[in-house]
Amino acid sequence: MDASSRDRMHMRRALDLAAQGLGRVEPNPMVGAVVVQGDQVVGEGHHQRFGGPHAEVAALQAAGPQARGAELFISLEPCCHHGKTPPCTDAILAAGVRRVVAAVVDPFPEVSGRGMALLKAAGIETAVGVLEAEARRLNAAFFKRQKMGLPLVIAKWAMTLDGRMTTAARESQWISSEESRRRVHEMRRVVDAVLVGAGTVLADEPSLTVRHVDPLPERGQPTRVVLDGRLMIDPARNPARTACEIPVIVYTSAEALRDGAERAAALRQAGCEIVVVPRDSEPSRAGQSCPPRPSLGAPAAPLSLRAVLEDLGARGMSRVLVESGARVLGSFFAARLADRLMIFVSPRVLASGDALGPAAGPDGRTLAEALPVADLTVERVGPDLLIQGRVGEF
């Protein structure tokens with residue numbers, strides 16, 4: 001085996017180890033590390049929980065004295081600053097390794113190349129970029145939050161083979177199989193929030209909780225997020241009804257809050273947090289004492305999805321699962337704010353002209369404006385097909 005193939009083999013193991021931290025370490029990145037002495041792996045480790053030991057420290061402790069003169073493969077550049085734990089570069093230098101290979105530079109400003117530079121200055125051989133694309137995909141949520149301050153957005157829906165998400169009578173809950181529903185709950189258990197629109201809440205009264213699998217003890221239930229620009233949802237129905245047990249954030253407009261003070265008070269009494277965000281047609285309200293009123297007779301513009309995501313990102317959220325109807329899903333795509341797709345396709349044909357498709361966006365769009373999907377995968381989940389892919393940079 002040549003040297004580059006050997007590096008990739010050990011880095012792939014580091015990435016596999018890192019993935020075990022999914023849902024447990026956020027908002028930190030998932031990181032795995034492998035210590036190799038000659039051709040023998042003598043230590044492995046991964047970041048297991050937020051605030052816990054980093055992967056490098058765990059792997060070096062597992063290697064013990066065999067780490068001296070060994071190589072260390074890490075899925076992300078080691079930190080060189082004091083956070084919740086001491087700098088990993090200190091542990092690497094103390095262990096006496098001779099070579100450190102990182103998949104990708106850490107985008108966190110206090111590290112960002114400084115970790116590897118410090119090791120190189122100390123006489124350790126360094127290399128960066130082995131399986132970099134895979135490392136970036138694994139920690140896409142971390143890279144996006146560091147670059148944009150926004151969480152990774154996963155757009156999920158289920159549909160028939162002919163692209164229908166609901167019937168005209170709004171039957172949608174059982175399009176996908178039990179196996180697919182379990183897979184959705186496996187995703188819910190590793191995201192920070194599940195987002196829907198008010199229309200979905202009014203039609204289905206969803207609980208938006210993890211049920212088919214156990215929630216992760218480090219995380220618990222995801223926050224339920226409702227986009228309700230007119231403040232229409234019922235405080236006595238789910239998800240608002242259980243807001244004292246599992247958090248619910250309702251994003252609405254200033255005029256809806258002003259005109260629906262009684263409904264807002266009832267929602268707050270139920271345990272919901274209400275957050276005002278601008279509509280897409282409105283400028284930022286920073287410094288404004290009174291927001292402008294919409295034109296009389298004109299349909300209200302939708303809430304600013306970017307403002308919603310900025311608020312969720314400021315709360316430290318890394319992943320948001322959008323499980324809404326066609327209108328909200330279409331808005332995320334039109335605003336170029338969806339990052340990943342999770343589409344369950346049921347092996348049925350509805351053949352109904354009045355049934356709804358999964359994404360409703362602006363009319364008149366051309367194929368040239370269609371969003372390309374990369375990293376496409378297809379797998380069987382029970383009788384269904386699960387199609388996943390990446391939209392845009394992350």
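Note that the numbering runs from 1 along the sequence shown for the chain.
With hydrogens and angles left out, the side-chain atoms of Asp228 and Thr252 include no donor and acceptor closer than 3.5 Å. Side-chain contact, Asp384 with Ser180: a donor N or O sits under 3.5 Å from an acceptor N or O. In summary, the side chains of Thr209 and Arg211 do present a donor paired with an acceptor at a separation below 3.5 Å, with no hydrogens or angles considered.
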*Evaluate the criterion salt bridge (Lys or Arg N to Asp or Glu O under 4.0 Å) for residue pair Arg315 and Asp311; output intermediate values, then yes/no.*
CA-CA 6 Å; Arg315 295 167 185 263; Asp311 184 71; 2.7 Å; yes

*Under the side-chain contact (heavy atoms from CB on, under 4.5 Å) criterion, do Val248 and Val250 qualify, and how do the steps go?*
CA-CA 6 Å; Val248 174; Val250 179; 4.0 Å; yes

_Residues Leu72, Ile92; criterion side-chain contact (heavy atoms from CB on, under 4.5 Å); working and verdict_ = CA-CA 9 Å; Leu72 176 63; Ile92 293 170; 3.7 Å; yes

*Would you check, one step at a time, whether the test salt bridge (Lys or Arg N to Asp or Glu O under 4.0 Å) holds for Arg24 with Glu218?*
CA-CA 6 Å; Arg24 294 177 165 88; Glu218 302 92 337; 3.3 Å; yes

_Full working for side-chain contact (heavy atoms from CB on, under 4.5 Å) between Arg319 and Met187_ = CA-CA 10 Å; Arg319 292 180 187 81; Met187 175 60 74; 5.7 Å; no

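Met232 is not connected to Leu195 by any chain of hydrophobic side-chain contacts under 4.5 Å among Ile, Leu, Val, Met, Phe, Trp and Tyr, and they are in different clusters. Hydrophobic clustering places Met165 together with Leu161 (ILVMFWY residues linked when any side-chain heavy atoms are closer than 4.5 Å, directly or through intermediates). Leu216 and Leu208 fall within the same hydrophobic cluster, where Ile, Leu, Val, Met, Phe, Trp and Tyr residues are linked whenever their side-chain heavy atoms come under 4.5 Å apart, directly or through other members. Note on Leu329: it clusters hydrophobically with Leu150, by side-chain heavy-atom contacts below 4.5 Å among ILVMFWY residues. Under the 4.5 Å side-chain heavy-atom criterion for ILVMFWY residues, no single connected hydrophobic cluster contains both Met9 and Val101.
Across every non-hydrogen atom of Gly325 and Thr200, the tightest pair is N-OG1, 3.4 Å. The shortest non-hydrogen separation linking Met30 to Ser75 is O-OG, 4.0 Å. Contact between Arg181 and Ser176 at its shortest, heavy atoms only, is NH1-O, 2.7 Å. The minimum heavy-atom distance linking Arg268 with Leu257 is given by the pair NH2-CD1, 4.0 Å.
With respect to the salt-bridge test (charged N to carboxylate O, under 4.0 angstrom), the residues Arg182 and Glu186 qualify. Using a cut-off of 4.0 Å between Lys/Arg side-chain N and Asp/Glu carboxylate O, Arg6 and Asp39 are scored as salt-bridged. Using a cutoff of 4.0 Å between basic side-chain nitrogens and carboxylate oxygens, Glu323 and Lys156 are scored as salt-bridged. Under a 4.0 Å N-O distance rule, the pair Glu393/Lys147 qualifies as a salt bridge. Under the 4.0 Å criterion applied to side-chain N and carboxylate O atoms, Glu255 and Arg279 are assigned as salt-bridge partners. Of the charged side-chain nitrogens involved, none lies within less than 4.0 Å of a carboxylate oxygen, so that Asp339 and Arg390 do not count as a salt-bridged pair. A salt bridge links Arg136 with Glu132; the closest basic N to acidic carboxylate O contact falls under 4.0 Å.
Remark: side-chain polar atoms of Arg224 are paired, donor with acceptor, to backbone N or O of Ser207 under 3.5 angstrom. Judged by distance alone, the side chain of Ser5 and the main-chain N or O of Met1 form no donor-acceptor pair under 3.5 Å. The backbone N or O of Glu26 sits nowhere less than 3.5 Å from a side-chain atom of Arg219 that would complete a donor-acceptor pair. Proximity of a side-chain donor or acceptor of Ser346 to a complementary backbone N or O of Ile175 within less than 3.5 Å is detected. One N or O on the side chain of Glu205 and one on the backbone of Asn238 form a donor-acceptor pair closer than 3.5 Å. Judged by distance alone, with hydrogens and angles left aside, the side-chain atoms of Glu310 form no donor-acceptor pair with the main-chain N or O of Met148 at under 3.5 Å. When atom types are taken as modelled, the side chain of Asp204 and the backbone of Pro206 share no donor-acceptor pair closer than 3.5 angstrom. Judged by distance alone, the side chain of Arg8 and the main-chain N or O of Val130 form no donor-acceptor pair under 3.5 Å. Between the side chain of Arg189 and the backbone N or O of Gly23 there is no donor-acceptor pair closer than 3.5 Å. Using a distance-only test at 3.5 Å, with no hydrogens or angles considered, no donor-acceptor pair links the side chain of Arg380 to the main chain of Leu386.
Looking at Ile249, Thr223, Val225 one by one, the single match for side chain to side chain contact (heavy atoms under 4.5 Å, CB included) with Glu273 turns out to be Ile249. Of the options Leu385, Val184, Ile387, a side chain to side chain contact (heavy atoms under 4.5 Å, CB included) to Phe344 is made by Val184 and by none of the others.
Listed by first and then second residue, the ring-ring contact (aromatic ring centres under 6.0 Å, His included) pairs involving residues 252-279 amount to none (not counting sequence neighbours).
Ring geometry, His10 versus Phe73: the interplanar angle falls from 30° to 60°, so the pair is classed tilted.
Rounding to the nearest 0.5 angstrom, the gap separating the CG atom in Leu93 from the SG atom in Cys88 is 11.0 Å. Separation of atoms CG (Asn28) and CZ (Phe108) is listed at 9.0 Å; rounding is to 0.5 Å.
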